[in-house]
Amino acid sequence: MSSYPRPYPAQNPSAFVTTIIQWQKQHGRHHLPWQKTGDAYRIWLSEIMLQQTQVSTVIDYYHRFLVRFPTLQALAQADQADVMPYWAGLGYYARARNLHKCAQAVQATHGGRFPEDPELIAALPGIGRSTAGAIAAFAYGVRTPIMDGNVKRVFTRYFGVTGYPGNSVVEKTLWALAHDVLDAAPATVDIAAYTQGLMDLGSGPCARRNPACEQCPLSHSCHARKHGLQNQLPTPKPRAEVPLRSCHMLILLHDDHVFLEQRPDSGIWGGLWSLPEFDDPEALASYCVQRGVTTAPQRMGGLQHVFTHFKLDITPWQVNAPGATTREAEPQKQWFALQQWPTLALPAPVKKIIAGLAQPSLISAPAEPDAG
DNA sequence: TATCCGTGGGA
DNA sequence: TTCCCAAGGAT
């Protein structure tokens, strides 16, 4: 018994399997190079190359590899250094090292023939649960499930499984579901056609983007199809936590006016008026000196602003600019009356700061202006 | 359990 | 440009 919750009683596991088998035989792929053989060595090689790698990329590598290493024995007897050139460009080079080790392991502990038991296959280097299932099903007709990216897509959509499939709890649920589906299937099934059919569906009608449900034999009872969730399932990988940035803003005051700069059109807050912004307090201080401000700015209470792609910690610094002019030469640097803040095009956090300056009673007391 | 491992493709 | 993902596994 599996322990995953069963929120989808409408689906019929037995019909799921038989429908996929029929569809695969009529509409599935039948001419991929590794489908022409029952040789476990070639099937294994293809499954390793296909890990996280698209079919179109693998095909040439697969042929080249087999010309040089036509049998498991040939591979096992070679040096690893002779193998690596045939993997160069494919990526994930641990696959090639494990491939070589695996060939030697099969030679040494299984008499040169891949075992049929998926658990024994999965104990070999570079072979996990899903690859072991595929080898057992394709090479030996063993009735055992796989759970690769294609199958995850078909299962999450058809059965309505939510949560990122890379999450271990979700993946465990999917494996349990895959076992239960096979357990409920007819006593005799073409396991190779079923396994291939799942992958053909996942790379065809049930593609990642814009699935062609009208071409899918399962659409009439598909959870995602029924609820219009094709583009929400599988649940996408949660986005990495947004980075935290920080900046310092200068509140330059003179005679109830505040000094603002218009931001460039490109970039964040494009075209809006904002307080002069600096990466660090030193840059802010030297800017004040350049403008002839002789007193030190006072640090005010900070605030955080959340964007879609980062968080921004803002530290305001306030200083009076006695004797400063309210006329600026550059049009994108101007003094504005504090009371004017509701009419200005200001970023939200800046508006909050300026509003607080215009209504000092609403915020904690700002630092006393310079005594000199 | 989360992270790393490579390259190519698509939006 | 940038991000996500592709017939996953090892650590």
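Within every chain, numbering begins at 1; the chains are lettered A, B, ... in the order of the sequence lines, protein sequences first and strands thereafter.
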With a 4.0 Å limit, can you tell me whether R153(A) has a side-chain N or O closer than that to the phosphate oxygens OP1/OP2 of dA6(C)?
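Checking R153(A) against dA6(C): at least one side-chain N or O falls below 4.0 Å of OP1 or OP2.
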Taking OP1 and OP2 of dG9(C), is either one under 4.0 Å from a side-chain nitrogen or oxygen of S130(A)?
no
Answer yes or no: does atom CG of N167(A) have more than 12 heavy-atom neighbours from other residues, nucleotides or ligands under 6.0 Å?
yes
Below 3.5 Å is the cut-off: list the nitrogen or oxygen pairs between protein and nucleotides 7-11 of chain B, distance only.
{"unit_1": "dT7(B)", "atom_1": "OP1", "unit_2": "Y93(A)", "atom_2": "OH", "d": "3.3"}

Keeping to residues at least two apart or across chains, list the ring pair (Phe, Tyr, Trp, His ring centres under 6.0 Å) pairs with something in residues 165-194 of chain A.
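As it turns out, there is no ring pair (Phe, Tyr, Trp, His ring centres under 6.0 Å) pair with a partner in residues 165-194 of chain A once direct neighbours are skipped.
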At 4.0 Å (heavy atoms only), tell me whether [X] reaches a base, stays on the sugar-phosphate, or touches nothing.
{"X": "T131(A)", "result": "sugar-phosphate"}
{"X": "E171(A)", "result": "nothing"}
{"X": "L99(A)", "result": "nothing"}

Could you work out, with side-chain hydrogen bond (donor to acceptor under 3.5 Å, both in side chains) as the rule, every residue matching [X], not counting sequence neighbours?
{"X": "R225(A)", "value": "none"}
{"X": "Q339(A)", "value": "none"}
{"X": "W341(A)", "value": "none"}

Could you work out the separation of [N] and [M] based on their [atom1] atoms and round it to a whole Å?
{"N": "dG8(B)", "M": "dG9(C)", "atom1": "P", "result": "22 Å"}
{"N": "dA7(C)", "M": "dA2(B)", "atom1": "P", "result": "23 Å"}
{"N": "dT3(B)", "M": "dC5(C)", "atom1": "P", "result": "16 Å"}

Let me spell it out: for each of E47(A) and L124(A), pick the nucleotide of DNA chain C with the closest heavy atom. Which residue's pick is nearer the 5' end?
E47(A)
Taking the side chain of W34(A) as its heavy atoms from C-beta onward, which of dG9(C), dC5(C), dA7(C) lies nearest to it?
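The listed nucleotide nearest to W34(A)'s side chain is dA7(C).
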Search all heavy atoms of F138(A) against all heavy atoms of A192(A) and return the closest pair with its distance.
CE2-O, 3.4 Å
Quick check on DNA chain B: between S168(A) and Q51(A), whose nearest nucleotide comes earlier from the 5' end?
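Closest to the 5' end, via its nearest nucleotide, is S168(A).
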I want to confirm an ordering. Mapping N167(A) and A94(A) to their closest nucleotides on DNA chain B, which one lands closer to the 5' end?
N167(A)
Going by the rule side-chain contact (heavy atoms from CB on, under 4.5 Å), which residues pair with Q232(A) if we only count those two or more places apart in sequence or in a different chain?
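With neighbours one apart ignored, the set is L229(A).
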